[in-house]
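The structure appears right after this line, and notes come after that.
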Amino acid sequence: MKRNNEESDVIRRIKVFVDRCDSYSNEKLSPTQEEIYGTDSESQVELSAEFVEVMLRVIPFVHERSGRDFSMHQLSVATDMELLELYEMVSENIHKSPRALIRSMRIDQVAENLRTTNMTIEEVAVNCGFVSPNYMIAKFYHKFRMTPDEYREEFVQ
């Protein structure tokens with residue numbers, strides 16, 4: 001009985017996290033005070049990279065089942081993770097801000113725009129919800145270790 005309550009609580013927290021991601025997805029992404037002043041203690045506020053990757057698979061799964069119940073076992077299958085590993089990862093990260101996940105999703109959208117459109121860097125920044133091209137370029141470089149222009153040159157022939 002305790003396991004079912006624990007599972008229900010984790011699933012509820014995942015749904016809340018996905019809702020928070022959805023609400024963030026319409027806001028312009030701008031630097032936080034911590035990023036500006038270099039006081040970001042990443043281990044306490046940043047999501048683990050593995051959790052971000054898993055949530056990129058969990059979010060569509062949760063959206064597909066909107067209003068319907070699902071189990072942690074179904075989530076573990078959808079994410080191709082062991083159940084215990086999934087529980088631990090969720091427990092370590094679910095209380096943190098989904099900002100890193102939103103940023104990762106938007107940077108992936110930037111990469112897609114660079115590969116498939118002729119938009120300028122400024123237009124891509126606006127299209128992908130960044131407050132400025134400079135902030136987008138900095139976050140893009142952090143993830144891909146190249147500028148958007150370098151990325152476009154390398155991946156668009």
Side-chain angles (χ1 to χ4, degrees), residues 1-114 124-148 151:
M1 185 72 161
K2 183 178 179 184
R3 184 162 176 94
N4 282 341
N5 286 339
E6 182 179 323
E7 179 173 336
S8 294
D9 183 55
V10 171
I11 289 172
R12 181 189 56 76
R13 292 173 75 193
I14 289 170
K15 288 178 180 179
V16 167
F17 190 88
V18 170
D19 287 344
R20 288 173 63 204
C21 288
D22 291 345
S23 70
Y24 272 114
S25 66
N26 295 325
E27 295 179 13
K28 289 277 186 202
L29 194 58
S30 60
T32 63
Q33 292 287 349
E34 292 82 8
E35 288 173 313
I36 292 169
Y37 295 110
T39 58
D40 198 5
S41 58
E42 288 191 13
S43 64
Q44 293 179 1
V45 296
E46 284 291 316
L47 301 169
S48 73
E50 296 83 13
F51 182 75
V52 169
E53 290 301 315
V54 167
M55 288 306 292
L56 291 174
R57 288 178 266 158
V58 167
I59 289 173
F61 178 89
V62 172
H63 285 153
E64 287 171 11
R65 284 151 187 82
S66 181
R68 297 186 321 216
D69 289 336
F70 56 87
S71 68
M72 286 301 290
H73 174 73
Q74 289 171 309
L75 270 178
S76 73
V77 169
T79 58
D80 196 30
M81 291 182 70
E82 294 292 326
L83 190 57
L84 183 58
E85 182 184 8
L86 181 60
Y87 265 112
E88 289 173 357
M89 182 181 292
V90 167
S91 296
E92 290 172 9
N93 290 277
I94 202 75
H95 64 282
K96 298 176 184 177
S97 171
R99 184 176 172 80
L101 179 60
I102 299 303
R103 185 174 50 236
S104 179
M105 292 167 63
R106 290 195 188 174
I107 291 298
D108 289 344
Q109 182 183 6
V110 168
E112 175 73 16
N113 276 227
L114 293 171
V124 171
V126 169
N127 186 53
C128 296
F130 284 87
V131 71
S132 74
N134 287 342
Y135 183 59
M136 180 200 75
I137 292 167
K139 292 304 171 183
F140 188 91
Y141 188 87
H142 181 74
K143 182 170 184 173
F144 290 102
R145 298 292 182 225
M146 64 178 72
T147 67
Y151 182 90

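We count residues from 1, following the sequence as given. Computed from a prediction, not measured in an experiment: that's the story for all the values here.
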So how far is it from Thr147 OG1 to Leu114 CG, rounded to the nearest 0.5 Å?
9.0 Å

Heavy-atom side-chain contact between Cys21 and Ile102 under 4.5 Å
yes

Heavy-atom pair with the smallest gap, counting every atom of Met89 and Val54
SD-CG2, 3.7 Å

Salt-bridge contact Asp80-Arg57 (side-chain N to carboxylate O under 4.0 Å)
no

In sequence, state the C-alpha distance, the side-chain angles, and the governing distance for Leu29 and Met136, and then conclude on side chain to side chain contact (heavy atoms under 4.5 Å, CB included).
CA-CA 9 Å; Leu29 194 58; Met136 180 200 75; over 6 Å; no

Could you tell me whether Asp69 atom CG has more than 12 heavy atoms of other residues or ligands within 6.0 Å of it?
no

Residue of the set Ile14, Val10, Val90 for which side-chain contact (heavy atoms from CB on, under 4.5 Å) holds with Leu75:
Ile14

Do Gln109 and Val124 have side chains that approach each other closer than 4.5 Å (heavy atoms only, starting at C-beta)?
no

Does the side chain of Ser104 reach to within under 4.5 Å of the side chain of Lys143, using non-hydrogen atoms?
yes

Is Ser66 reaching over with its side chain to a backbone N or O of His63, donor-acceptor style, under 3.5 angstrom?
no

To the closest 0.5 Å, what do you measure between CE (Met55) and CD (Glu50)?
14.5 Å

What is the distance from atom CD of Glu88 to atom CZ of Phe51, rounded to the nearest 0.5 Å?
13.5 Å

Heavy-atom side-chain contact between Phe61 and Thr79 under 4.5 Å
no

Would you mind reporting whether Cys128 and Ile107 have side-chain heavy atoms less than 4.5 Å apart?
no

Quick one: do Ser91 and Arg13 satisfy side chain to side chain contact (heavy atoms under 4.5 Å, CB included)? Show the steps, please.
CA-CA 9 Å; Ser91 296; Arg13 292 173 75 193; 5.5 Å; no

Could you label the plane-to-plane angle of the Tyr151 and Phe144 rings as parallel, tilted or perpendicular, counting under 30° as parallel and over 60° as perpendicular?
tilted

Working note: Phe70 + Lys15, criterion side chain to side chain contact (heavy atoms under 4.5 Å, CB included); need CA distance, chi angles, decisive distance, verdict.
CA-CA 11 Å; Phe70 56 87; Lys15 288 178 180 179; 3.5 Å; yes

Has Asn93 got a side-chain atom pairing as donor or acceptor with Ser48's backbone, closer than 3.5 angstrom?
yes

Side chains of His73 and Glu7: closer than 4.5 Å at any heavy-atom pair?
no

I want to check something: taking the side chain as every heavy atom from C-beta on, are Phe17 and His95 in contact at a cut-off of under 4.5 Å?
no

Does the side chain of Val110 come within less than 4.5 Å of Phe130's, by heavy atoms?
yes

Give the intermediate values and the outcome of side chain to side chain contact (heavy atoms under 4.5 Å, CB included) for residues Leu56 and Glu53.
CA-CA 5 Å; Leu56 291 174; Glu53 290 301 315; 4.1 Å; yes

Sub-3.5 Å donor-acceptor pair from the side chain of Gln74 to the main-chain atoms of Ser71, do we have one?
yes

